[in-house]
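As the structure is a computational prediction, the values presented were derived from the model and not from experiment. Remember, it's 1-based here, ligands and their atoms both numbered in the order they're listed.
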Amino acid sequence: MTDNELRIVLAARLASVHARIDVACARVNRNPAGVTLVAVTKTVTPRVAKSAAELGVLDLGESRPQELWRKAEALNDLPIRWHLVGHLQRNKVERALPLVHLIHSVDSLRLLQTIADEGRKRNIRPRVLLQVNASHEEQKHGFDEDELARAEPEVTGTPVDVLGLMTMAAYSEDSELARPAFVVLRKLRDRLRSEWSLTSTQLEHLSMGMSGDFEVAVEEGATIVRIGTTLFEGLENE
Ligand SMILES: *Cc1c(COP(=O)(O)O)cnc(C)c1O
């Protein structure tokens with residue numbers, strides 16, 4: 001595909017995703033400006049990611065830290081906000097932190113502490129979301145709700161900006177089956193905001209919704225959706 005062909009394909013898919021977000025917002029009287037699209041570029045090359053960024057999608061997500069820093073380096077001439085959406089090992093925090101706009105996948109208090117320590121060294125206040133295993137699947141990373149609700153002293157005492165919560169629903173052909181996990185996340189966010197002493201920007205965001213279920217997530221209050229397949233399917237070799 002030429003650069004121009006690639007741009008045309010991506011522009012059409014982006015328009016379609018934005019239209020679907022708009023329709024989902026309209027169903028529940030939300031302003032689409034309150035939903036940030038993170039394009040998850042983990043299956044595509046820096047060239048395709050760059051094309052998306054040039055079309056105005058400046059929030060890009062990667063699930064592996066190594067791939068994030070490879071792409072961040074390749075695209076360092078663009079004002080991209082990199083989102084780390086996959087599991088982060090503590091030994092990768094030092095290298096990832098300066099490159100990342102928002103870490104969606106903080107799944108333990110130990111990791112939160114490591115991120116805070118690294119932020120202190122660099123004189124920055126890291127921005128994170130806490131990952132919740134709202135679908136209660138064994139193999140998934142993340143806090144369970146009660147475990148997190150009990151962690152107020154550790155979370156609020158750590159010099160990190162906890163901007164919200166993130167979850168992944170169980171994979172299913174039927175997006176309605178994802179809804180309960182999204183409701184759990186929203187209610188947990190609301191509960192923590194009322195029980196914990198927080199500033200107004202803390203725990204504001206809900207990162208939920210992927211290609212198969214983002215409209216349901218938007219209906220349930222997602223402020224960030226993370227979309228890969230719908231945008232990039234078939235472009236893996238470009
Ligand atoms: C891959 C991935 C996505 C995007 O998933 P799609 O179904 O391809 O849209 C979103 N969030 C996380 C954590 C991912 O790993």
| said: When you compare the side chains of E137 and N133, does any donor N or O come within less than 3.5 Å of an acceptor on the partner? | reply: no
What donor-acceptor contacts under 3.5 angstrom involve side-chain atoms of residues 220-232, with partners at least two apart or in another chain?
unit_1, atom_1, unit_2, atom_2, d
E220, OE1, R186, NH2, 2.4
E220, OE2, R179, NH1, 2.7
T223, OG1, H205, ND1, 2.7
T223, OG1, L206, N, 3.0
T223, OG1, L206, O, 3.4
R226, NH1, T167, O, 3.3
R226, NH1, S207, O, 2.9
R226, NH1, S207, OG, 2.9
R226, NH2, T167, O, 3.1
T230, OG1, S211, OG, 3.0

| note | The closest protein heavy-atom partner of atom 5 (O) of ligand 1 is M210 CE, 3.4 Å
| said: Below the 3.5 angstrom mark, is there an N/O of R226, backbone or side chain, next to an N/O of ligand 1? | reply: yes
| Can you find an N or O of K42 that's nearer than 3.5 Å to an N or O of ligand 1? | yes
| query | Where the closest heavy atom to atom 13 (C) of ligand 1 is concerned, which of T167, T41, V85 has it? | reply | V85
| query | For atom 7 (O) of ligand 1, which candidate among G228, G61, S105, S211 holds the nearest heavy atom? | reply | S211
| task | Under 4.0 Å, heavy atoms only, figure out whether ligand 1 is touched by the backbone of H104, its side chain, both or neither. | result | neither
| Flag, side chain of D161 to backbone of L163, donor-acceptor distance under 3.5 Å | no
| said: With heavy-atom distances below 4.0 Å as the criterion, list the atoms of ligand 1 near I227. | reply: 9 (O)
| Near T229, which atoms of ligand 1 are under 4.0 Å from a heavy atom of that residue? | 6 (P), 7 (O), 8 (O), 9 (O)
| task | May I ask you to test the Q131-L111 pair for a side-chain heavy-atom distance under 4.5 Å? | result | no
| said: Quick check: do W82 and L99 have side-chain heavy atoms less than 4.5 Å from each other? | reply: no
| note | Between P126 and P159 the two heavy atoms that sit nearest each other are CD-O, 3.9 Å
